[in-house]
Amino acid sequence: MNRRDSLKLMVMAGLGAHAASATGSPSETRKGAADFYKEPSRKLPIRQFDVVVAGGGTAGVVAALAAARQGAKTILIEAKGYTGGTVVEGGTTLHSFFNLWKAFPRVEKRQVVRGIPQEIVDRLAQLGGTTGHAEMSKGYDYDSACTAVDTEIYKLVTLQMLDEAGVFVCVNTLLTGAIMKGSRVKGVITESRSGREAIYAKCFVDCTAYGDLAAYAGAKYTEPNDYPVANSIGVAGVNVERFYEFLKAHDAVGRYCEGLRSGKPGQIIRLEAGSGNLPRELVREAAKIGMALVTTTVHDDYFMFIKLNLKMPVSPTNRDEVAKAELELRKRQARAIEIFRKYVPGCEKAFIARTSPSLNIRRGRMIVCDYDITNSDVVEGRHFDDDIMAYGFHDSAPQFQVKNGGTYGVPYKALRVAGIDNLLAAGMLITSDQDAHMSTRNTVCCMGQGQATGTAAALCAARNCGTRDLKYPDLRKALEKGGVYFEG
Ligand SMILES: Cc1cc2nc3c(=O)[nH]c(=O)nc-3n(C[C@H](O)[C@H](O)[C@H](O)COP(=O)(O)OP(=O)(O)OC[C@H]3O[C@@H](n4cnc5c(N)ncnc54)[C@H](O)[C@@H]3O)c2cc1C
């Protein structure tokens with residue numbers, strides 16, 4: 001590493017607060033000076049790969065699979081001990097593999113996201129880990145299908161698929177810095193109980209949701225703090241049918257779907273309270289703790305996700321404010337159980353069966369890319385000459401729906417991190433317009449972006465070219481070969 005690189009590395013690694021090594025020398029003795037500890041420089045072991053995927057969540061799993069299947073020597077760096085990210089911690093259902101066909105009666109039903117995301121669903125189905133793509137029978141102006149997944153089987157299946165594809169999976173490993181050479185990422189720094197390492201590669205994909213890698217690499221970003229954070233709970237000791245009867249009795253069934261549950265077809269798998277005449281006290285108490293009365297399930301007697309939301313005063317990259325939010329969300333979880341036991345028949349013995357290890361975000365950093373998808377692109381169903389996928393779901397439906405139950409295209413340029421030659425981004429960290437983000441941030445769109453970025457990164461690595469030099473027809477051909485569906 002030359003002097004310029006090492007200087008830049010020090011700057012990039014300074015973004016996060018890192019624990020100091022025990023052998024450094026204090027430099028904070030001058031009176032009035034800020035407290036700083038000067039870390040001694042260290043030699044790090046280097047590992048060499050073709051592609052680094054940072055973050056093994058919704059998008060990252062698919063990105064790593066796609067890169068490895070293109071023949072790239074691929075490493076996946078994930079902070080937690082499992083893969084799956086927000087899919088297994090926060091979300092209720094995978095929105096959405098389909099166009100909004102039921103809301104537009106003359107429109108043909110089309111599965112618009114296929115490829116690796118569908119393969120994951122197929123693998124889950126083999127183990128009884130999904131409801132399948134069930135048709136919504138109420139509330140289908142929002143989504144026409146409901147695909148719910150078992151969170152624990154999802155973790156297993158994705159780890160198995162990564163292993164089969166030959167991805168070098170580093171779980172329990174935190175990405176803590178970037179090594180830059182001009183406008184190229186040369187490598188990343190990781191920390192784990194096996195020590196601190198430098199991982200070099202030709203191309204990089206940031207799927208950390210927070211945009212950690214892009215930020216360390218010096219990319220431009222904003223922190224809009226425009227959503228609440230959440231920690232969803234899995235609630236057991238409940239009776240879904242009695243919950244349904246309760247909502248029905250109060251004319252409050254908002255969304256409803258039947259599908260495969262505990263191996264039996266035709267069971268309630270999605271239930272959401274709508275406006276009706278629910279007991280006012282219940283509505284008030286639920287609102288106080290940011291509780292949404294919506295759940296999906298793949299098991300009898302289980303609400304897979306009950307969301308507790310909290311609006312933080314600052315961006316969730318602020319560690320100390322996050323600490324306060326973690327405590328408040330734990331209190332809200334306990335209160336949620338009290339509310340279920342008190343007000344909802346069939347839930348008298350409800351208890352928390354699962355929580356997320358840490359709070360979930362809907363947006364951390366918004367990374368500036370070569371193109372920024374607008375809500376007009378989404379609702380007008382715009383396609384681009386560099387589409388990498390088609391997508392048809394909007395989380396603000398029915399206020400915003402893609403025109404005529406169709407799709408829009410996610411362009412490749414929306415995934416190229418601006419100003420950096422060999423860094424792509426996929427997941428909730430793109431799209432500044434919050435209305436448009438209410439579409440692009442959904443799980444199935446993030447997965448599709450993952451397949452595109454992983455494929456593109458592998459092609460760039462094989463051709464030794466930057467992400468802007470990759471020829472679109474080559475990317476398109478590889479994506480089509482990988483089962484990706486295109487429209488427009
Ligand atoms: C409460 C909630 C409910 C939602 N409900 C739905 C829903 O019902 N349907 C739907 O389609 N979408 C839903 N969404 C949105 C959707 O789930 C997310 O936007 C999407 O899953 C984000 O995918 P991602 O790959 O960007 O991030 P994630 O899936 O969060 O993956 C990021 C990964 O990066 C890892 N990571 C982060 N930083 C580092 C680092 N420095 N080093 C190593 N690893 C790191 C994380 O541990 C994580 O595994 C919901 C979101 C929330 C928060």
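Along the sequence shown, residues are numbered consecutively beginning with 1. What's counted below: heavy atoms across the whole structure, side chains too, no hydrogens, waters or symmetry copies. Ligands are counted one by one from 1 in listed order, and the atoms in each one are counted from 1 as well.
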Practice problem: Take the angle between the ring planes of Tyr408 and Tyr391 and call it parallel below 30°, perpendicular above 60°, tilted in between. | Solution: perpendicular
Quiz item: Tell me: protein heavy atom nearest atom 49 (O) of ligand 1, and distance?
Solution: Glu78 OE1, 2.7 Å
Quiz item: Which ligand 1 atoms does Asp212 reach within 4.0 Å, using its non-hydrogen atoms?
Solution: 38 (N), 39 (C), 40 (C), 41 (N)
Quiz item: What is the closest protein heavy atom to atom 6 (C) of ligand 1, and at what distance does it sit?
Solution: Gly91 CA, 3.4 Å
Practice problem: For a side chain to side chain contact (heavy atoms under 4.5 Å, CB included) with Val240, tell me which candidate from Arg261, His299, Gln267 qualifies. | Solution: Arg261
Self-check item: Ring center gap for Tyr200 and Phe49 short of 6.0 angstrom
Solution: no
Self-check item: For Thr443, atoms of ligand 1 separated by under 4.0 Å from a heavy atom
Solution: 10 (C), 11 (O), 12 (N), 16 (C), 17 (O), 21 (O)
Exercise. Distance to 0.1 Å, residue and atom name: give those for the protein heavy atom nearest to atom 22 (C) of ligand 1.
Key: Met428 CE, 3.6 Å
Self-check item: Identity of the nearest option to atom 1 (C) of ligand 1, non-hydrogen atoms only, from Arg363, Lys80, His437, Arg362
Solution: Arg362
Self-check item: Carboxylate-amine/guanidinium proximity below 4.0 Å for Asp50 and Lys73
Solution: no
Self-check item: Sidechain-backbone polar pair: Thr208 side chain, Asp206 backbone, donor-acceptor under 3.5 Å
Solution: no
Self-check item: Contact with ligand 1 for Asn309, non-hydrogen, under 4.0 angstrom
Solution: no
Quiz item: Relative to ligand 1, is Ala230 under 4.0 angstrom through side chain, backbone, both or neither, heavy atoms considered?
Solution: side chain
Quiz prompt | Over all atoms of both residues, closest heavy-atom pair of Ala353 and Tyr302 | solution = CB-CE1, 3.9 Å
Practice problem: Let me see the working for Gln333 and Thr355 under side chain to side chain contact (heavy atoms under 4.5 Å, CB included), right down to the final yes or no. | Solution: CA-CA 9 Å; Gln333 293 172 339; Thr355 69; 3.7 Å; yes
Quiz item: Would you say the side chains of Asn375 and His394 form a donor-acceptor pair under 3.5 Å?
Solution: yes
Quiz item: Hey, which atoms in ligand 1 end up nearer than 4.0 Å to a heavy atom of Thr86?
Solution: 17 (O), 21 (O), 28 (P), 29 (O), 30 (O), 51 (C), 52 (C), 53 (C)
Quiz item: Nearest protein heavy-atom contact for atom 27 (O) of ligand 1: which residue, which atom, what distance?
Solution: Ala209 CB, 3.4 Å
Quiz item: Within less than 4.0 angstrom of ligand 1, does Thr173 place any heavy atom?
Solution: yes
Self-check item: Reported CG-to-OG distance for the pair Asn99 and Ser144, which is rounded to 0.5 angstrom
Solution: 7.0 Å
Self-check item: Contacting atoms of ligand 1, where contact means under 4.0 angstrom from a heavy atom of Thr93
Solution: 7 (C), 8 (O), 9 (N), 10 (C), 11 (O)
Quiz item: Any N/O of Ala79 closer than 3.5 Å to an N/O of ligand 1?
Solution: yes
Quiz item: Going by the order shown, which atoms of ligand 1 are within less than 4.0 Å of some heavy atom of Gly57?
Solution: 29 (O), 31 (O), 33 (C), 49 (O)
Practice problem: For Asn360, take its heavy atoms, then give the atoms of ligand 1 lying under 4.0 Å from any of them. | Solution: 53 (C)
Quiz item: Are the aromatic rings of Tyr244 and Tyr256 close, with centres under 6.0 Å apart?
Solution: yes
Self-check item: Per-residue contact class, Ile361 against ligand 1 - non-hydrogen pairs under 4.0 Å
Solution: backbone
Self-check item: Min N/O separation Gly60 to ligand 1 under 3.5 Å
Solution: no
Quiz prompt | Proximal ligand 1 atoms for Ile77, defined as those under 4.0 Å from one of its heavy atoms | solution = 43 (C), 44 (N)
Quiz item: With a cut-off of 4.0 Å, which atoms of ligand 1 are near a heavy atom of Gly85?
Solution: 29 (O), 49 (O)
Quiz item: Excluding sequence neighbours, so at least two apart, what forms side chain to side chain contact (heavy atoms under 4.5 Å, CB included) with Pro224?
Solution: Thr222, Asp226, Arg363, Met366
Self-check item: Lys155, NZ atom: more than 12 neighbouring heavy atoms under 6.0 Å
Solution: yes
Donor-acceptor contacts under 3.5 Å from residues 78-88 side chains, at least two apart:
from  : atom 1 : to     : atom 2 : distance (Å)
Glu78 : OE1    : Gly56  : N      : 2.6
Glu78 : OE2    : Lys80  : N      : 2.8
Lys80 : NZ     : Glu89  : OE1    : 3.2
Lys80 : NZ     : Glu89  : OE2    : 3.2
Tyr82 : OH     : Glu89  : OE2    : 2.3
Thr83 : OG1    : Thr158 : OG1    : 2.8

Quiz item: Of all the non-hydrogen atoms in the protein, which one sits nearest to atom 16 (C) of ligand 1, and at what distance?
Solution: Arg441 O, 3.5 Å
Quiz item: Should Ala54 be listed as contacting ligand 1, given a heavy-atom distance under 4.0 Å as the test?
Solution: no
Quiz item: Considering only the protein, which heavy-atom contact is closest to atom 3 (C) of ligand 1, and what is its distance?
Solution: Gly90 O, 3.4 Å
Quiz item: Can you tell me which residue and heavy atom of the protein come closest to atom 32 (C) of ligand 1, and the distance to 0.1 Å?
Solution: Cys207 O, 3.3 Å
Quiz prompt | Contact check: Ala426 vs ligand 1, nitrogen or oxygen atoms, below 3.5 angstrom | solution = no
Self-check item: Backbone or side-chain N or O of Leu175 under 3.5 Å from ligand 1 N or O
Solution: yes
Self-check item: Test applied, side chain to side chain donor-acceptor pair (under 3.5 Å); reference residue, Asp395; option that passes from His95, Arg362, Arg441
Solution: Arg441
Quiz item: When the ring centroid of Phe243 is compared with that of Phe303, is the distance short of 6.0 Å?
Solution: yes
Exercise. Give the residue, atom name and distance (to 0.1 Å) of the protein heavy atom nearest atom 12 (N) of ligand 1.
Key: Asn442 OD1, 3.5 Å
